[in-house]
Amino acid sequence: MNRINAPRGTRDIVYPEITDWQMLEERIREFYSRFLYREIRTPIFEHSELFHRGIGDTTEVVQKEMYTFEDKAGRSLTLRPENTASVVRAAIENNLLDTAFPLRFFYIGPMFRYDKPQKGRFRQFHQFGIEVFREESPELDAEVVYAAHAFLEELGLHDISLEINSVGCDECRPAYLTVLRQEAQARQEELCPDCRRKVDTNPLRIFDCKQPGCRSVAVAFPTIANHLCPGCSDHFTGVQAGLDAYQVPYTVNERMVRGLDYYTRTAFEITSSRLGAQNAILGGGRYNRLIHDLGGPDIPGIGFAAGMERLLLHLEMPPAEKPALCFLACQSAEYRLHVMKLARMLWQAGYHAFVDYSHANLKKQFRRSDRMAADFTLVLGEEEVSSGQLTIKDMARQEQVRIPQQELLEWMNQRKK
RNA sequence: GUGAGUGUAGCUCAAGGGUAGAGUAUCGGUCUGUGGAACCGAAUGUUGGGGGUUCAAAUCCCCUCACUCACCCCA
């Protein structure tokens, strides 16, 4: 029979890598609960319309990268490519927006995008993120950015840099885009074919182009900084003051663009220099229209999402502390039932124990114990059973003792300290 | 979606038209109450898949699939 492999761009996470994931998830839960973020779990698929309306029809993600399918009743469903729209939908649907309690959510889970896989990019990948609704002060933006940056720092991530920008709002961005489009049109000849197309559709993206020609042209283009309305301008100033208060190191990048349409005002991104081409490890920003656009009240929101694969790619997790492991061997099969009684004692007391049910001789059982990196090997044989004792060998110290069987737990407890 | 590189034993890799190999891991033995070392031995492959050229293909040609990296896009 031919084998079936995991679909392209997906992968299995198995031991020992899985322990890194478990530790990371634990750290996320602990860290973000300090800020009163509460976990939320939303469905892995949603009505396709949620993402069309939320993320924006013209975005790359929606146009080319969604896993969309029809269910048996003919509904158009889509595997979530990101989670912000879902969290907003869930908050509205569950009437969570009426409470006086802070509206703060965090999530951890798989996302799906039909991309061509490469280093740090998968079709099923995992993100964690946070969302805050209803608070509009710039200082809150600063706290969210701090919560993003400080977490990575606490994880011991090096070689990361934080960039922020303001992308304006519905008041000032259209006017700026007009100016930018004019400028780009004037110098169209000097742009690559790709960018020439962007002049009409999304001129901001020209700033992203890596072609040296486009880059040198785009440097001269006007940035949004001078076109922000007073409201956005004050807000951005406030964000920066807040970041200084929280002592977050950042640089302002007036040319930073984000891929999702819903961002207003604050946008930020954390990249790593150790990651290859896919160097964005975290991205987010404010979205003051999204909740309203998805049928909710007219309240603002802000959040970010981080790529967990990319995080783990250059994160050195400390080796997990594993409790002592006892390997239970016996001289021959006739003592097996005795061994099982000892195993039961250990398990009930919370110890890790492995019973060798094979009929191998002791030498082989010891070898197996060694390969499994057991801390202790317990042996039961004729001598032990007839005297109610058992032999324990400390594998690392190469010392062994014989003790009464009923003293096993006592011995382990002392040994553990 | 575009491009480049790579697919041979569980893993890392040889063999570049003439019998598919090594290291490592696995299993057995030297060694039936004691692991890591050493020595001896065994097992394991539709050479990613399909087609073509040839007396003969892992090797040359075509197609396809997968992986890797880059473009693109983004977490």
Side-chain angles (χ1 to χ4, degrees), chain A residues 1-11 55 59-66 80-84 108-129 148 152 192-195 197-198 202 205 208-211 256-260 268-272 275-284 303-313 327 329-333 335 356 358-385 390-400 402:
Chain A
M1 283 297 262
N2 50 346
R3 304 192 317 192
I4 299 173
N5 295 331
R8 175 154 221 210
T10 71
R11 56 192 212 95
I55 300 171
T59 57
E60 195 92 3
V61 170
V62 169
Q63 279 188 348
K64 314 203 306 207
E65 297 176 0
M66 295 214 301
R80 62 185 185 194
E82 59 105 49
N83 208 27
T84 299
I108 304 172
M111 309 293 158
F112 307 84
R113 290 185 200 173
Y114 193 88
D115 248 341
K116 196 150 169 179
Q118 69 185 70
K119 189 178 177 74
R121 193 169 79 185
F122 304 91
R123 289 184 172 179
Q124 173 172 341
F125 60 102
H126 298 77
Q127 289 186 333
F128 73 86
L152 301 186
C192 71
D194 241 11
C195 286
R197 233 171 291 128
K198 293 177 194 165
N202 196 351
R205 294 231 81 89
D208 271 353
C209 188
K210 284 168 188 159
Q211 304 279 340
M256 189 180 77
V257 182
R258 302 220 37 84
L260 312 180
F268 60 98
E269 197 168 87
I270 295 177
T271 55
S272 159
L275 232 47
Q278 306 302 317
N279 64 352
I281 185 168
L282 179 154
F304 70 78
M308 294 171 74
E309 279 84 359
R310 291 182 187 181
L311 210 60
L312 289 167
L313 212 51
F327 185 100
C330 62
Q331 186 190 359
S332 72
Y335 308 108
D356 189 339
S358 77
H359 287 196
N361 60 38
L362 269 180
K363 182 179 185 63
K364 281 179 193 152
Q365 294 183 69
F366 265 95
R367 167 191 286 260
R368 206 166 295 167
S369 173
D370 181 52
R371 297 282 155 98
M372 287 175 54
D375 299 285
F376 304 104
T377 303
L378 278 56
V379 183
L380 274 193
E382 187 184 352
E383 298 167 27
E384 287 86 353
V385 171
L390 69 96
T391 298
I392 304 182
K393 179 168 187 177
D394 182 320
M395 298 298 277
R397 297 186 194 178
Q398 303 189 61
E399 295 165 358
Q400 84 182 30
R402 192 169 282 186

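Letters go in sequence order (proteins before strands), and every chain restarts at 1.
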Is any NZ, NE, NH1 or NH2 atom of the basic residue among A:R368 and A:D356 found under 4.0 Å from an Asp or Glu carboxylate oxygen of the other? yes
Could you tell me whether A:V61 contacts a base, only the sugar-phosphate backbone, or nothing, with contacts defined as non-hydrogen atoms closer than 4.0 Å? nothing
Using a 4.0 Å heavy-atom cut-off, does A:F122 contact any base of the nucleic acid, only the sugar-phosphate backbone, or nothing at all? base
Short question: side chain of A:R121, backbone of A:K116 - any donor-acceptor pair under 3.5 Å? yes
Atom-pair distance (CD on A:E382; C1' on B:rU32), nearest Å: 13 Å
Nearest-angstrom distance from the residue atom CZ of A:R11 to C1' of B:rU68: 14 Å
Does A:E309 reach a base, just sugar-phosphate, or nothing at all? Heavy atoms under 4.0 Å. nothing
If you check the A:R371 side chain, which of B:rG33, B:rG36, B:rC73 turns out closest? B:rG36
Which sits closer to the 5' end of RNA chain B, A:G120 or A:D370, going by the nucleotide each is nearest to? A:D370
Determine yes or no for a side-chain-to-main-chain donor-acceptor pair under 3.5 angstrom, with A:Q127 supplying the side chain and A:M111 the backbone. no
Check if the side chain of A:Q400 and the base of B:rG35 share a donor-acceptor pair of N or O atoms closer than 3.5 Å. no
Just checking A:G9: base, sugar-phosphate only, or nothing, at a heavy-atom cut-off of under 4.0 Å? sugar-phosphate
Within the structure shown, what part of the strands sits under 4.0 Å from A:G259 by heavy-atom distance: base, sugar-phosphate, or nothing? sugar-phosphate
Taking any heavy-atom pair under 4.0 Å as a contact, classify A:Q365: base, sugar-phosphate, or nothing. nothing
Roughly how many Å apart are B:rG16 and B:rA57, using the C1' atom of each and rounding to a whole number? 11 Å
Base, sugar-phosphate, or nothing: which does A:T59 touch, judged by heavy atoms less than 4.0 Å apart? nothing
Can you find a donor-acceptor N/O pair under 3.5 angstrom joining the side chain of A:R121 to the base of B:rC73? yes
Determine the Euclidean distance between corresponding P atoms of B:rC11 and B:rU46; express it in Å to zero decimal places. 11 Å
I'd like to know if A:R310 reaches the base of B:rC74 with its side chain, counting only an N/O donor and acceptor under 3.5 Å. yes
Between B:rA70, B:rC74, B:rA75, which nucleotide has the shortest distance from any of its atoms to the side chain of A:F125? B:rA75
Interatomic distance at P, B:rU64 relative to B:rU2, whole Å: 11 Å
Which nucleotide wins on minimum distance to the side chain of A:K119, given the candidates B:rG33, B:rA70, B:rC73? B:rA70
Looking at A:R113, does any N or O in its side chain come under 4.0 Å of the phosphate oxygens OP1/OP2 on B:rC73? no
Does the side chain of A:T271 come within less than 4.5 Å of A:I281's, by heavy atoms? no
Under the 3.5 Å rule, do the base of B:rG33 and the side chain of A:E384 count as making a donor-acceptor pair? yes
Would you say the base of B:rU34 and the side-chain of A:K393 have a donor-acceptor pair closer than 3.5 Å? yes
A:N279 has its side chain closest, among B:rC73, B:rG36, B:rC74, to B:rC74
Categorize A:G276 for me: base, sugar-phosphate, or nothing, with a 4.0 angstrom heavy-atom threshold over every strand shown. sugar-phosphate
Could you check whether any side-chain heavy atom of A:V385 comes within less than 4.5 Å of a side-chain heavy atom of A:Q331, counting everything from C-beta outward? no
Donor-acceptor side-chain pairing of A:S358 and A:Q365 below 3.5 angstrom: no
Looking at A:K393 and A:E399, is there a salt bridge between them, counting it only when a charged N and a carboxylate O are closer than 4.0 Å? no
Looking at every strand, decide which applies to A:E60 at a 4.0 Å heavy-atom threshold: base, sugar-phosphate, or nothing. sugar-phosphate
If you define the side chain from C-beta out and look only at heavy atoms, does anything of A:Q278 sit under 4.5 Å from A:K119? no
Hunt down any stem RNA chain B takes part in, defined as 3 or more consecutive Watson-Crick or G-U pairs whose two distances are each under 3.5 Å. B:1-7 with B:65-71, B:10-13 with B:21-24, B:26-30 with B:38-42, B:48-52 with B:60-64
Report the distance from atom CD of A:Q63 to atom P of B:rC73, rounded to the nearest whole Å. 12 Å
Give one of base, sugar-phosphate or nothing for A:R402, where a contact means two heavy atoms less than 4.0 Å apart. base
May I ask you to evaluate whether A:R8 reaches the phosphate of B:rC67, defined as a side-chain N or O under 4.0 Å from OP1 or OP2? yes
Using the rule side chain to side chain contact (heavy atoms under 4.5 Å, CB included), only one of A:Q124, A:K64, A:R80, A:E82 pairs with A:R113; which is it? A:E82
Are any of A:Q118's side-chain N or O atoms less than 4.0 Å away from OP1 or OP2 of B:rA70? yes
For the side chain of A:K116 and the base of B:rU2, is some donor closer than 3.5 Å to an acceptor across the two? yes
Name the closest nucleotide to the A:E65 side chain, picking from B:rA70, B:rC73, B:rG35. B:rC73
Separation of B:rC74 P from A:E269 CD (nearest whole Å): 9 Å
N or O in side chain of A:K364 less than 4.0 angstrom from B:rC31 OP1/OP2: no
What's the closest nucleotide to the side chain of A:K363 if the choices are B:rA75, B:rG35, B:rC73? B:rG35
Could you tell me whether the side chain of A:F128 reaches within less than 4.5 Å of the side chain of A:L311, counting heavy atoms only? yes
Does a side-chain N or O from A:R258 land closer than 4.0 Å to OP1 or OP2 of B:rA75, or not? yes
